[in-house]
Amino acid sequence: MLCPALAGSRTSNIFIYGKTGTGKTAVLKHVFDRFSSETQKLGRNARFVYVNCRLLGTEYRILAALATAFRVRVPFTGLATAEVFHRLTSALAKRPGTFVLGLDEIDALVKISGDNLLYELTRINESLPSSSVSLVGVSNDLMWKELLGPRVLSSLSEQELVFHPYSALELADILKQRAQHAFRPGVVSDSVVALCSALAASEHGDARRALDLLRVSGEVAERNQSDVVNEKHVRMAQGVIERGRVFEALTSLPLHSRMILASVLLLTRRGCDVTSGTVYSAYKDLCGLLNVEALTQRRVSGLISELDMMGVLATKLMSFGRYGRTKKLKLLVPVDDIASVLDSDEVLSPLLTHPPPDVRSRPPLNTPE
DNA sequence: CATCCACAGGAAGGACGGGGGT
DNA sequence: ACCCCCGTCCTTCCTGTGGATG
C-alpha cells in the first residue's frame with residue numbers, strides 16, 4: 001500500500017484494525033523502517049513518522065510530536081494548537097516530498113478531543129503544493145469508526161487492513177522461534193510453550209502477552225534455581241506479570257487518585273458499601289487527616305471515571321428510585337495488591353496500617369441489595 | 001402519574017505556569 | 001519588560017436521569 005512512496009507519489013490513507021498484541025504496531029514500525037531506508041537509497045525525500053496518540057495524550061502533544069519529527073521546534077506549552085499546526089504545515093511546504101504519518105492508537109485521540117485534528121490532517125494536502133501527506137491510522141477498537149464524522153471517515157479509510165488475533169497454534173510458533181534464541185536447548189519444553197500460548201490465546205490472542213509470559217517464566221525458573229522451565233513457573237509468572245502491571249499503573253497515579261483508591265480500599269475492608277457518595281466522604285476525611293485540600297465531588301467523579309477506564313475499578317450505575325442514583329464501585333484488582341502498593345506510599349501508608357477509628361462513611365443507604 | 005433522591009456528566013470559566021511578539 | 005494567548009487542571013453551576021414512592 002505504501003509503494004507509491006517509492007516512486008515519490010502520494011499513498012492512500014490507510015486504516016488498520018486489530019486487537020492488542022496482533023502486531024499492528026510492530027508491523028507499522030517495521031514497514032516504516034524498511035521504507036525509510038529504501039527511499040533514502042533511492043534518494044527520495046520521504047519521511048515515515050510514527051506517533052502513539054494514547055501515550056501523547058492530547059491533540060496538542062500529538063501535533064507537537066509530529067512537528068518535532070520534522071525538526072520544527074515547539075515548546076511543550078504556550079502555543080495555540082492551531083499555531084503548531086500552521087508551523088508544521090509551513091515546514092512541510094518548504095521541503096517537497098512524501099510524508100506518511102503513522103498514528104497509533106488513533107481511537108484514543110478521537111475519544112479525547114474529537115476528530116478535528118484528523119480532519120485537518122486529511123486535508124493538509126490542499127495547502128501543500130509540492131508535497132503529499134498521507135495517514136496510517138491504527139486502532140484496536142473495532143467499533144471506534146462510529147465516533148468519526150463522515151467527512152473524516154471517507155478520506156481516512158481509503159484502504160483498510162484487519163489484523164486478526166493469533167490462534168494458540170500461531171502463538172506457539174512464535175514462541176518456539178523466540179525460545180530458540182533466548183533459551184538453551186531443552187530448557188523450554190513444548191508443553192510449556194503450549195501452555196503459554198494457550199493462556200495468551202484465551203486472552204484474545206495477544207502475542208505480547210505470550211512473549212512476556214515466556215520471558216517471565218524463564219526468570220521465575222532462574223530465580224528458583226531450576227534447570228528447566230515448567231508449567232508451575234508459567235503459572236507463577238502469570239501472577240508476577242499481573243502484579244507488576246498493577247504496581248506500575250498504581251504507583252504512577254497522582255496523589256488524589258491514590259487517595260480515592262485508598263478510600264475505596266478502606267470501605268471495602270470495612271465491608272461498607274462502596275458508592276460514589278461514601279467514597280467521596282471517606283476521601284474527604286482522608287484529606288482532613290493528611291491536611292490536604294479536598295477536590296470537589298465533580299472532580300472526584302471524573303477521577304473515578306478515569307480509574308474505571310484504566311481498569312482498576314469497575315463502576316456500575318445503580319438506581320434506588322426514591323433513594324437516588326449512585327455508582328457502585330468495585331476493585332478489579334485483588335485487595336491485597338492494592339494494599340501493598342499503597343503501603344509503599346509514604347504519605348498514605350500510615351493511614352492504612354492504623355486506620356483512625358472514625359474514617360467513616362455516611363450511614364449506608366437503607367435499601368435492599 | 002408526578003415527585004424526588006443522589007448522584008452523573010456537560011459547559012463555562014478561573015488560576016497557573018509557560019509560551020510568542022514587540 | 002510588557003501584554004496577550006495557550007493548555008492543563010480544577011471549580012462552579014447546571015441539567016439530566018432511573019425508578020421506588022406518594
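Just so we're on the same page: letters track the sequence lines, and every chain starts at 1. All values reported here derive from a predicted model rather than from experimental measurement.
As judged by a 4.0 angstrom heavy-atom cut-off over every strand, A:A294 is placed among residues touching the sugar-phosphate backbone only. A:Q297 comes within 4.0 angstrom of sugar-phosphate atoms only, judged by non-hydrogen atoms across all strands, and of no base. Among the protein residues, A:T296 comes within range of the nucleic acid bases, having at least one heavy atom under 4.0 Å from a base atom.
Between the side chain of A:D337 and the backbone N or O of A:R243 there is no donor-acceptor pair closer than 3.5 Å.
The pair A:E219-A:R215 meets the salt-bridge criterion, with a side-chain N (NZ, NE, NH1 or NH2) lying under 4.0 Å from an Asp/Glu carboxylate O.
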Practice problem: Tell me, with the steps shown, if A:S132 and A:N125 meet side chain to side chain donor-acceptor pair (under 3.5 Å). | Solution: CA-CA 6 Å; A:S132 73; A:N125 285 301; 5.1 Å; no
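Taking 4.0 angstrom as the limit, A:S319 places none of its side-chain polar atoms (N or O) nearer than this to OP1 or OP2 of B:dC5.
Rounded to whole Å, the distance from CZ on A:R299 to C1' on B:dG13 is 15 Å. Atom pair A:D308:CG and B:dA8:P shows a separation of 11 Å (rounding to whole Å applied). Nucleotide B:dG13 holds its P atom 16 Å from the CZ atom of A:R298, rounded to whole Å. Computed from coordinates, the A:Y60 OH to B:dG18 P distance equals 13 Å when rounded to whole Å. In this entry the distance linking CZ of A:R61 with C1' of B:dG18 reads 14 Å, nearest Å. Taking atom CG of A:L295 as the reference point, atom P of B:dA15 lies 17 Å away to the nearest angstrom. The distance between atom CD1 of A:I304 and atom P of B:dA8, rounded to the nearest whole Å, is 7 Å. Computed from coordinates, the A:L79 CG to B:dG20 C1' distance equals 7 Å when rounded to whole Å.
A 4.0 Å heavy-atom criterion places the boundary nucleotides of DNA chain C facing chain A at C:dC6 to C:dT21, written 5' to 3'.
When each of A:S301 and A:P75 is assigned the nucleotide of DNA chain B bearing its nearest heavy atom, the one mapping closer to the 5' terminus is A:S301.
Between A:F99 and A:F70, the ring planes are perpendicular. Angles over 60° get that label, and only those under 30° would be called parallel.
For A:F48 and A:F35, the gap between ring centers is short of 6.0 Å.
Nearest nucleotide to the A:K327 side chain, out of B:dG10, B:dG20, B:dA8: B:dA8.
Heavy atoms of other residues, nucleotides or ligands lying less than 6.0 angstrom from CD of A:E222 number 12 at most.
For the pair A:K29 and A:Y50, the cation sits on the ring face: its NZ or CZ lies under 6.0 Å from the ring centre, inside 45° of the axis.
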